[in-house]
Amino acid sequence: MNKIITVIAFLFTSAFLFSQTSKSKSTETTKPFVLGVIEEIQSKELGEKRILNIYLPEGYKPEDATRYPVIYVLDGSADEDFIHIAGLVQFNSFEWINQIPKSIVVGIATVDRRRDFTFPTSIEKDQKRFATSGHSDKFIAFIEKELQPFIDKKYKTTPSKTIMGQSLGGLLETEILLKKPALFNKYVIVSPSIWWNNGSILNLDSPIFQENFSPQTEIYIAVGKEGLTPTEIPRVMEVDANLLAEKIKATKSKNIKVYFDYLPQENHATILHPAASNSFKFFYPQIRE
(Lines give C-alpha, C1' and ligand atoms only; values in the text may rest on other atoms or scores of the structure.)
Protein backbone atom coordinates (compact mmCIF):
# COMPACT_ATOMS: atom_id res chain seq x y z
CA MET A 1 0.00 0.00 0.00
CA ASN A 2 2.81 2.41 0.95
CA LYS A 3 4.55 1.66 -2.34
CA ILE A 4 1.36 2.44 -4.25
CA ILE A 5 0.94 5.76 -2.41
CA THR A 6 4.59 6.62 -3.02
CA VAL A 7 4.25 5.90 -6.73
CA ILE A 8 1.04 7.96 -6.99
CA ALA A 9 2.68 10.85 -5.11
CA PHE A 10 5.72 10.70 -7.42
CA LEU A 11 3.52 10.69 -10.52
CA PHE A 12 1.45 13.60 -9.18
CA THR A 13 4.56 15.64 -8.33
CA SER A 14 6.12 14.92 -11.70
CA ALA A 15 2.94 15.90 -13.50
CA PHE A 16 2.68 19.08 -11.45
CA LEU A 17 6.28 20.06 -12.14
CA PHE A 18 5.90 19.27 -15.83
CA SER A 19 2.71 21.30 -15.92
CA GLN A 20 4.43 24.26 -14.27
CA THR A 21 7.45 23.99 -16.60
CA SER A 22 5.21 23.79 -19.65
CA LYS A 23 3.17 26.72 -18.39
CA SER A 24 6.34 28.72 -17.77
CA LYS A 25 7.68 27.98 -21.20
CA SER A 26 4.39 28.80 -22.86
CA THR A 27 4.29 32.29 -21.28
CA GLU A 28 7.82 33.28 -22.22
CA THR A 29 7.93 35.83 -25.04
CA THR A 30 10.69 37.73 -26.77
CA LYS A 31 10.04 41.06 -28.39
CA PRO A 32 12.37 43.62 -29.99
CA PHE A 33 13.07 46.74 -27.93
CA VAL A 34 11.98 49.58 -30.19
CA LEU A 35 13.84 52.84 -29.63
CA GLY A 36 12.48 54.77 -32.57
CA VAL A 37 11.73 54.85 -36.27
CA ILE A 38 14.04 54.33 -39.24
CA GLU A 39 13.28 56.45 -42.29
CA GLU A 40 14.95 56.11 -45.68
CA ILE A 41 14.84 59.02 -48.10
CA GLN A 42 16.23 59.28 -51.59
CA SER A 43 18.29 62.45 -51.88
CA LYS A 44 18.55 64.16 -55.25
CA GLU A 45 21.10 66.60 -53.86
CA LEU A 46 23.43 63.78 -52.77
CA GLY A 47 22.41 61.24 -55.40
CA GLU A 48 21.95 58.49 -52.83
CA LYS A 49 19.62 57.03 -50.24
CA ARG A 50 20.06 58.35 -46.70
CA ILE A 51 18.99 56.71 -43.45
CA LEU A 52 17.44 58.73 -40.65
CA ASN A 53 17.05 57.41 -37.12
CA ILE A 54 14.11 59.09 -35.39
CA TYR A 55 13.39 59.23 -31.66
CA LEU A 56 9.86 60.33 -30.81
CA PRO A 57 9.13 61.59 -27.29
CA GLU A 58 6.83 59.81 -24.88
CA GLY A 59 3.22 60.60 -25.65
CA TYR A 60 3.87 61.54 -29.27
CA LYS A 61 0.73 60.99 -31.34
CA PRO A 62 0.42 62.08 -34.97
CA GLU A 63 -3.26 62.87 -34.46
CA ASP A 64 -2.62 65.25 -31.54
CA ALA A 65 -2.14 68.99 -31.89
CA THR A 66 1.02 68.98 -29.75
CA ARG A 67 4.20 69.87 -31.65
CA TYR A 68 7.83 69.31 -30.68
CA PRO A 69 11.26 70.92 -31.21
CA VAL A 70 13.66 68.93 -33.39
CA ILE A 71 17.28 68.08 -32.57
CA TYR A 72 19.33 67.03 -35.61
CA VAL A 73 22.35 64.87 -34.77
CA LEU A 74 25.26 64.52 -37.20
CA ASP A 75 26.99 61.11 -37.13
CA GLY A 76 23.57 59.85 -36.17
CA SER A 77 23.90 56.15 -37.00
CA ALA A 78 22.77 53.60 -34.41
CA ASP A 79 26.42 52.69 -33.78
CA GLU A 80 27.50 56.34 -33.58
CA ASP A 81 25.87 59.11 -31.55
CA PHE A 82 22.14 58.62 -32.04
CA ILE A 83 21.36 56.31 -29.11
CA HIS A 84 23.26 58.11 -26.37
CA ILE A 85 22.02 61.55 -27.48
CA ALA A 86 18.43 60.29 -27.68
CA GLY A 87 18.90 58.96 -24.14
CA LEU A 88 20.10 62.37 -22.95
CA VAL A 89 17.09 64.03 -24.54
CA GLN A 90 14.69 61.56 -22.94
CA PHE A 91 16.36 61.90 -19.53
CA ASN A 92 16.42 65.69 -19.55
CA SER A 93 12.77 65.87 -20.58
CA PHE A 94 11.47 63.62 -17.79
CA GLU A 95 8.75 65.50 -15.88
CA TRP A 96 10.72 65.37 -12.61
CA ILE A 97 13.80 66.85 -14.32
CA ASN A 98 12.19 69.11 -16.92
CA GLN A 99 15.48 70.57 -18.17
CA ILE A 100 14.36 70.64 -21.80
CA PRO A 101 11.04 70.29 -23.60
CA LYS A 102 10.12 66.91 -25.02
CA SER A 103 11.80 66.79 -28.41
CA ILE A 104 12.13 64.78 -31.58
CA VAL A 105 15.67 63.57 -32.30
CA VAL A 106 16.75 63.02 -35.92
CA GLY A 107 19.98 61.09 -36.32
CA ILE A 108 21.49 61.53 -39.78
CA ALA A 109 23.32 58.27 -40.41
CA THR A 110 26.83 58.70 -41.79
CA VAL A 111 27.83 57.67 -45.31
CA ASP A 112 31.06 59.62 -45.86
CA ARG A 113 31.65 62.31 -43.24
CA ARG A 114 34.84 63.60 -44.90
CA ARG A 115 32.89 64.20 -48.09
CA ASP A 116 29.79 65.62 -46.43
CA PHE A 117 31.27 67.72 -43.63
CA THR A 118 34.15 69.53 -45.36
CA PHE A 119 34.44 72.33 -47.90
CA PRO A 120 37.26 72.23 -50.51
CA THR A 121 40.77 72.62 -49.12
CA SER A 122 43.84 74.11 -50.75
CA ILE A 123 46.15 71.90 -48.67
CA GLU A 124 47.49 69.34 -51.19
CA LYS A 125 48.37 66.81 -48.50
CA ASP A 126 44.80 66.82 -47.22
CA GLN A 127 43.42 66.63 -50.75
CA LYS A 128 45.30 63.35 -51.17
CA ARG A 129 44.71 62.05 -47.64
CA PHE A 130 40.99 62.81 -47.76
CA ALA A 131 40.30 62.13 -51.43
CA THR A 132 36.50 62.38 -51.21
CA SER A 133 36.48 65.61 -49.20
CA GLY A 134 35.11 69.00 -50.16
CA HIS A 135 31.38 68.54 -50.80
CA SER A 136 29.72 70.09 -47.76
CA ASP A 137 27.75 72.38 -50.09
CA LYS A 138 25.75 69.39 -51.32
CA PHE A 139 25.14 68.13 -47.80
CA ILE A 140 23.96 71.56 -46.67
CA ALA A 141 21.61 71.66 -49.67
CA PHE A 142 20.33 68.23 -48.64
CA ILE A 143 19.57 69.53 -45.14
CA GLU A 144 17.87 72.68 -46.38
CA LYS A 145 15.92 71.41 -49.39
CA GLU A 146 15.16 67.79 -48.50
CA LEU A 147 15.77 66.78 -44.89
CA GLN A 148 14.10 69.60 -42.99
CA PRO A 149 11.05 69.75 -45.31
CA PHE A 150 10.66 65.96 -45.01
CA ILE A 151 10.75 66.03 -41.20
CA ASP A 152 8.45 69.05 -40.95
CA LYS A 153 5.92 67.46 -43.29
CA LYS A 154 5.86 64.00 -41.70
CA TYR A 155 6.23 64.83 -38.01
CA LYS A 156 4.62 67.28 -35.57
CA THR A 157 7.38 69.89 -35.34
CA THR A 158 7.78 73.44 -34.05
CA PRO A 159 10.06 76.02 -35.71
CA SER A 160 12.75 75.24 -33.10
CA LYS A 161 15.64 73.41 -34.76
CA THR A 162 18.90 72.37 -33.07
CA ILE A 163 21.93 70.85 -34.79
CA MET A 164 24.56 68.91 -32.87
CA GLY A 165 27.90 67.52 -34.01
CA GLN A 166 31.54 66.99 -33.16
CA SER A 167 34.91 67.31 -34.89
CA LEU A 168 34.28 67.48 -38.66
CA GLY A 169 30.62 67.66 -37.71
CA GLY A 170 31.44 70.78 -35.70
CA LEU A 171 33.20 72.19 -38.76
CA LEU A 172 30.08 71.64 -40.85
CA GLU A 173 27.93 73.33 -38.22
CA THR A 174 30.27 76.30 -38.21
CA GLU A 175 29.97 76.56 -41.99
CA ILE A 176 26.17 76.42 -41.77
CA LEU A 177 26.15 79.01 -38.98
CA LEU A 178 28.26 81.43 -41.00
CA LYS A 179 26.73 80.85 -44.44
CA LYS A 180 23.11 79.83 -43.78
CA PRO A 181 22.49 80.67 -40.11
CA ALA A 182 18.68 80.61 -40.35
CA LEU A 183 18.64 76.84 -40.98
CA PHE A 184 18.89 76.32 -37.21
CA ASN A 185 18.30 78.48 -34.17
CA LYS A 186 20.42 76.40 -31.78
CA TYR A 187 23.93 75.11 -32.52
CA VAL A 188 25.85 72.58 -30.40
CA ILE A 189 29.37 72.79 -31.82
CA VAL A 190 31.73 70.36 -30.09
CA SER A 191 35.50 70.14 -30.73
CA PRO A 192 35.14 71.68 -34.20
CA SER A 193 37.84 70.88 -36.76
CA ILE A 194 38.60 74.54 -37.39
CA TRP A 195 42.06 73.42 -38.53
CA TRP A 196 40.61 72.31 -41.88
CA ASN A 197 42.20 74.31 -44.74
CA ASN A 198 44.46 75.96 -42.16
CA GLY A 199 41.59 77.61 -40.30
CA SER A 200 40.27 79.53 -43.29
CA ILE A 201 36.72 79.35 -41.95
CA LEU A 202 37.70 81.87 -39.29
CA ASN A 203 38.17 84.43 -42.05
CA LEU A 204 34.61 84.16 -43.38
CA ASP A 205 32.25 87.07 -43.13
CA SER A 206 28.67 86.27 -42.16
CA PRO A 207 25.20 87.76 -41.79
CA ILE A 208 25.37 86.94 -38.07
CA PHE A 209 27.96 89.66 -37.57
CA GLN A 210 25.65 92.37 -38.88
CA GLU A 211 23.63 94.57 -36.57
CA ASN A 212 20.43 93.88 -38.48
CA PHE A 213 20.66 90.07 -38.13
CA SER A 214 17.28 89.33 -36.57
CA PRO A 215 16.79 85.56 -35.97
CA GLN A 216 17.26 84.62 -32.32
CA THR A 217 20.25 82.24 -32.46
CA GLU A 218 21.99 80.44 -29.62
CA ILE A 219 25.42 78.84 -30.03
CA TYR A 220 27.13 76.50 -27.59
CA ILE A 221 30.79 75.74 -28.33
CA ALA A 222 32.71 73.14 -26.31
CA VAL A 223 36.21 71.70 -26.41
CA GLY A 224 38.20 69.39 -24.19
CA LYS A 225 41.87 69.04 -23.45
CA GLU A 226 42.73 67.98 -27.00
CA GLY A 227 46.02 69.57 -27.99
CA LEU A 228 47.60 69.77 -31.43
CA THR A 229 45.65 69.33 -34.64
CA PRO A 230 46.66 66.96 -37.48
CA THR A 231 48.20 69.76 -39.54
CA GLU A 232 51.66 70.66 -40.80
CA ILE A 233 51.29 74.19 -39.48
CA PRO A 234 50.84 73.77 -35.70
CA ARG A 235 47.36 74.55 -34.37
CA VAL A 236 45.71 73.78 -31.04
CA MET A 237 42.11 72.56 -30.82
CA GLU A 238 41.39 74.56 -27.67
CA VAL A 239 42.73 77.77 -29.19
CA ASP A 240 40.80 77.32 -32.43
CA ALA A 241 37.51 76.71 -30.60
CA ASN A 242 38.08 79.77 -28.45
CA LEU A 243 38.90 81.88 -31.52
CA LEU A 244 35.60 80.83 -33.05
CA ALA A 245 33.69 81.75 -29.90
CA GLU A 246 35.39 85.14 -29.65
CA LYS A 247 34.73 85.86 -33.33
CA ILE A 248 31.01 85.21 -32.82
CA LYS A 249 30.89 87.19 -29.57
CA ALA A 250 32.15 90.23 -31.48
CA THR A 251 28.91 90.36 -33.50
CA LYS A 252 26.98 93.61 -33.59
CA SER A 253 23.69 91.73 -33.49
CA LYS A 254 21.83 91.58 -30.19
CA ASN A 255 20.10 88.39 -31.29
CA ILE A 256 23.18 86.18 -31.07
CA LYS A 257 23.96 84.40 -27.82
CA VAL A 258 27.14 82.32 -27.53
CA TYR A 259 28.67 80.29 -24.73
CA PHE A 260 32.16 78.78 -24.68
CA ASP A 261 32.62 75.69 -22.50
CA TYR A 262 36.10 74.33 -21.78
CA LEU A 263 36.03 70.80 -20.36
CA PRO A 264 39.63 69.96 -19.38
CA GLN A 265 38.65 66.58 -17.95
CA GLU A 266 37.46 65.43 -21.40
CA ASN A 267 39.35 64.58 -24.59
CA HIS A 268 38.34 64.35 -28.25
CA ALA A 269 36.85 60.89 -27.73
CA THR A 270 34.83 61.58 -24.57
CA ILE A 271 33.60 65.14 -24.86
CA LEU A 272 30.39 64.91 -26.90
CA HIS A 273 28.13 63.35 -24.27
CA PRO A 274 28.91 65.71 -21.37
CA ALA A 275 29.00 68.69 -23.73
CA ALA A 276 25.56 67.86 -25.10
CA SER A 277 24.25 67.64 -21.55
CA ASN A 278 25.80 71.01 -20.67
CA SER A 279 24.34 72.61 -23.78
CA PHE A 280 20.83 71.88 -22.54
CA LYS A 281 21.55 73.92 -19.40
CA PHE A 282 22.73 76.80 -21.58
CA PHE A 283 19.72 76.69 -23.91
CA TYR A 284 17.18 76.18 -21.13
CA PRO A 285 18.53 77.78 -17.93
CA GLN A 286 16.61 77.08 -14.76
CA ILE A 287 16.52 78.95 -11.49
CA ARG A 288 16.72 76.37 -8.75
CA GLU A 289 16.19 77.23 -5.10
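These numbers come from a predicted model, not from an experiment.
Residue pairs meeting the side chain to side chain donor-acceptor pair (under 3.5 Å) criterion with at least one member in residues 150-161, sequence neighbours excluded, are Glu39-Lys154, Glu39-Tyr155, Asp152-Thr157, Asp152-Lys161. Identified under the side chain to side chain donor-acceptor pair (under 3.5 Å) test for residues 237-251, with sequence neighbours left out: Arg235-Asp240. Here side chain to side chain donor-acceptor pair (under 3.5 Å) pairs that include residues 52-65, with residues two or more places apart or in two chains, number zero. The salt bridge (charged side-chain N to carboxylate O under 4.0 Å, His left out) pairs that include a residue from residues 265-284 number zero, where partners must be two or more places apart or lie in different chains. Applying the salt bridge (charged side-chain N to carboxylate O under 4.0 Å, His left out) definition to pairs two or more places apart or across chains, those involving residues 182-208 are Lys186-Glu218. Within the structure, the salt bridge (charged side-chain N to carboxylate O under 4.0 Å, His left out) test picks out no pair touching residues 79-91 (sequence neighbours left out). Note on residues 218-260: pairs passing ring-ring contact (aromatic ring centres under 6.0 Å, His included), not counting sequence neighbours, are Tyr259-Phe282.
From Thr132, atom OG1 reaches atom CZ of Arg113 across 11.5 Å, with rounding to the nearest 0.5 Å. Atoms CD1 and CG, on Ile123 and Asn198 in that order, are 5.5 Å from each other to the nearest 0.5 Å. The structure places CG of Leu52 at 10.5 Å from OG of Ser77, a figure rounded to the nearest 0.5 Å. Interatomic distance, OG of Ser191 versus NE2 of His268, reported as 5.5 Å (0.5 Å rounding). Note: Thr174 OG1 to Phe117 CZ = 12.5 Å, rounded to the nearest 0.5 Å. Rounded to the nearest 0.5 angstrom, Ile71 CD1 and Ile100 CD1 are separated by 5.0 Å.
One finds no salt bridge joining Glu146 and Lys44 here, because no Lys/Arg side-chain nitrogen approaches an Asp/Glu carboxylate oxygen to under 4.0 Å.
Checked against salt bridge (Lys or Arg N to Asp or Glu O under 4.0 Å), Asp261 has no partners two or more places apart in sequence or in another chain. Partners of Glu232 under the salt bridge (Lys or Arg N to Asp or Glu O under 4.0 Å) rule, at least two apart in sequence or in another chain, are Lys125. Residues meeting the salt bridge (Lys or Arg N to Asp or Glu O under 4.0 Å) test with Lys49, sequence neighbours left out: Glu40. Considering only residues two or more places apart in sequence or on other chains, Arg50 meets the salt bridge (Lys or Arg N to Asp or Glu O under 4.0 Å) condition with Glu48, Asp116.
The minimum heavy-atom distance between Gln166 and Glu173, with the atom names listed, is N-OE2, 4.4 Å. The two residues Gly224 and Ile271 have their closest heavy-atom pair at N-CD1, 3.0 Å. The minimum heavy-atom distance linking Thr121 with Gln127 is given by the pair O-NE2, 2.6 Å. Counting all heavy atoms, side chain and backbone alike, Ile104 lies closest to Pro57 at CG1-CD, 3.9 Å. Nearest heavy atoms, Ile189 versus Gly170: CG2-O, 3.7 Å. In terms of heavy atoms, Gln42 sits closest to Gly47 at NE2-C, 4.1 Å.
The cluster map of Ile, Leu, Val, Met, Phe, Trp and Tyr, joined by side-chain heavy atoms under 4.5 Å apart, puts Val190 and Ile194 in different clusters. Linking Ile, Leu, Val, Met, Phe, Trp and Tyr residues whenever their side-chain heavy atoms come within less than 4.5 Å places Leu46 and Ile151 in a single cluster.
Relative ring orientation between Phe130 and Trp196 is described as tilted, the plane-to-plane angle lying within the 30° to 60° band. A perpendicular orientation is assigned to the rings of Tyr72 and Phe184, their planes being inclined by more than 60° (bins at 30° and 60°).
Checked by atom type, the side-chain pair Thr110/Asp75 shows a donor-acceptor distance below 3.5 Å.
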Apply side-chain contact (heavy atoms from CB on, under 4.5 Å) to the pair Thr118 and Ser136, showing each step before the final yes or no. CA-CA 5 Å; Thr118 62; Ser136 58; 5.6 Å; no

Please evaluate residues Leu168 and Leu74 with respect to the criterion side-chain contact (heavy atoms from CB on, under 4.5 Å), reporting the C-alpha separation (whole Å), side-chain torsions for both, the decisive distance (0.1 Å), and the verdict. CA-CA 10 Å; Leu168 288 180; Leu74 301 172; over 6 Å; no

Might you work through the side-chain contact (heavy atoms from CB on, under 4.5 Å) test for Asp112 and Arg114, ending with a clear yes or no? CA-CA 6 Å; Asp112 183 346; Arg114 293 173 178 175; 3.7 Å; yes

Lys257 vs Ile219, side-chain contact (heavy atoms from CB on, under 4.5 Å): CA-CA, chis, key distance, verdict: CA-CA 6 Å; Lys257 185 178 179 182; Ile219 304 134; over 6 Å; no

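Formation of a donor-acceptor pair under 3.5 Å by the Ser253 side chain with backbone atoms of Asn255 is found in this model. Under the 3.5 Å distance criterion, the side-chain polar atoms of Asn267 are left unmatched by any main-chain donor or acceptor of Lys225. A distance-only check finds no donor-acceptor pair linking the side chain of Gln210 to the backbone of Lys252 [under 3.5 Å]. Not a single donor-acceptor pair under 3.5 Å links the side chain of Ser133 to the backbone N or O of Arg115. Side-chain N or O atoms of Ser277 include none that pairs as donor or acceptor with a backbone N or O of Pro274 at under 3.5 Å.
For Phe142 and Phe139, the distance between ring centers is under 6.0 angstrom.
Grouping Ile, Leu, Val, Met, Phe, Trp and Tyr residues whose side-chain heavy atoms lie under 4.5 Å apart, directly or via other members, leaves Val111 alone, with no other cluster members.
Counting non-hydrogen atoms of other residues, nucleotides and ligands closer than 6.0 Å to CD of Glu95 gives a total of 12 or fewer. Within a 6.0 Å radius of CD1 in Ile38, no more than 12 heavy atoms belonging to other residues, nucleotides or ligands are found.
Contact of the Leu56 side chain with the Tyr68 side chain is not registered, since no non-hydrogen atoms from C-beta on lie closer than 4.5 Å. Val188 places a side-chain heavy atom less than 4.5 Å from the side chain of Phe283. Using a 4.5 Å cut-off on side-chain heavy atoms (C-beta onward), Val70 and Val105 make no contact.
Of the options Ile140, Asn197, Asp137, a side chain to side chain contact (heavy atoms under 4.5 Å, CB included) to Phe119 is made by Asn197 and by none of the others.
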